[in-house]
Amino acid sequence: MKTWTPAAFIFALSTVFLFTASFAVPNPVRQVAVIYQPGTSLPEIVSSAGAAGARLVRLGAYDNIAVVDFGRQVATAGIELPGAWLIVDPLRLGGCWLDSRNVAQTPHENRQPINL
């Protein structure tokens, strides 16, 4: 029984690493999904995005997830959003667990990001 314990540990560690790495943001990017602390208010999210020179595009299924747009390509290493817990690729996060309350009833081309 002890002979497979190290292998199981290495397998579990590798699985967690690969799962985490799959959410890595490509470099450079224009839009990112930002996960804030639960309970973060919309004004705090808008303020955080504005401080980083970005604008809020929409919220995710949870109020602490937001998609922000920088309006230009930026290096992922240079992204600093105050209060952000995690910055990930919005497409790999499943569209931030898309919630119908955040989707306009118009075609995608007509949707405008929220200006800060």
Side-chain angles (χ1 to χ4, degrees):
M1 183 154 159
K2 292 181 181 181
T3 59
W4 61 268
T5 305
F9 177 74
I10 291 171
F11 174 76
L13 189 63
S14 299
T15 302
V16 169
F17 172 76
L18 291 174
F19 179 75
T20 305
S22 71
F23 286 106
V25 180
N27 198 15
V29 296
R30 181 183 166 114
Q31 290 187 352
V32 294
V34 185
I35 301 174
Y36 292 94
Q37 174 182 354
T40 303
S41 67
L42 181 60
E44 291 171 329
I45 291 173
V46 171
S47 174
S48 171
R55 58 185 175 177
L56 179 66
V57 175
R58 67 177 178 82
L59 294 175
Y62 299 100
D63 292 336
N64 66 319
I65 302 174
V67 176
V68 298
D69 181 50
F70 287 94
R72 65 196 183 326
Q73 296 290 327
V74 295
T76 54
I79 297 175
E80 292 185 20
L81 290 160
W85 275 10
L86 190 61
I87 298 173
V88 296
D89 182 5
L91 296 177
R92 290 193 179 132
L93 193 59
C96 299
W97 301 299
L98 188 62
D99 187 2
S100 61
R101 67 190 166 99
N102 293 317
V103 178
Q105 299 299 318
T106 59
H108 178 70
E109 294 80 28
N110 295 334
R111 288 188 221 148
Q112 296 296 318
I114 299 169
N115 292 321
L116 297 177

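Note that this is a predicted model, so its numbers are computed, not measured.
Sequence neighbours left out, the pairs with a member in residues 29-49 that pass salt bridge (charged side-chain N to carboxylate O under 4.0 Å, His left out) are R30-D69.
With sequence neighbours left out, the side-chain contact (heavy atoms from CB on, under 4.5 Å) criterion links P38 to N64, W85. Contacts of S48 classified as side-chain contact (heavy atoms from CB on, under 4.5 Å), with partners at least two apart in sequence or in another chain: Y36, L81, P82.
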Show every donor-acceptor pair shorter than 3.5 Å between a side-chain atom in residues 8-17 and any protein atom, with sequence neighbours excluded, or say none if there are none.
from: S14; atom 1: OG; to: I10; atom 2: O; distance (Å): 2.9
from: T15; atom 1: OG1; to: F11; atom 2: O; distance (Å): 2.8

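Note that CD1 of I45 and CD1 of I65 are 9.5 Å apart. Values are rounded to the nearest 0.5 Å.
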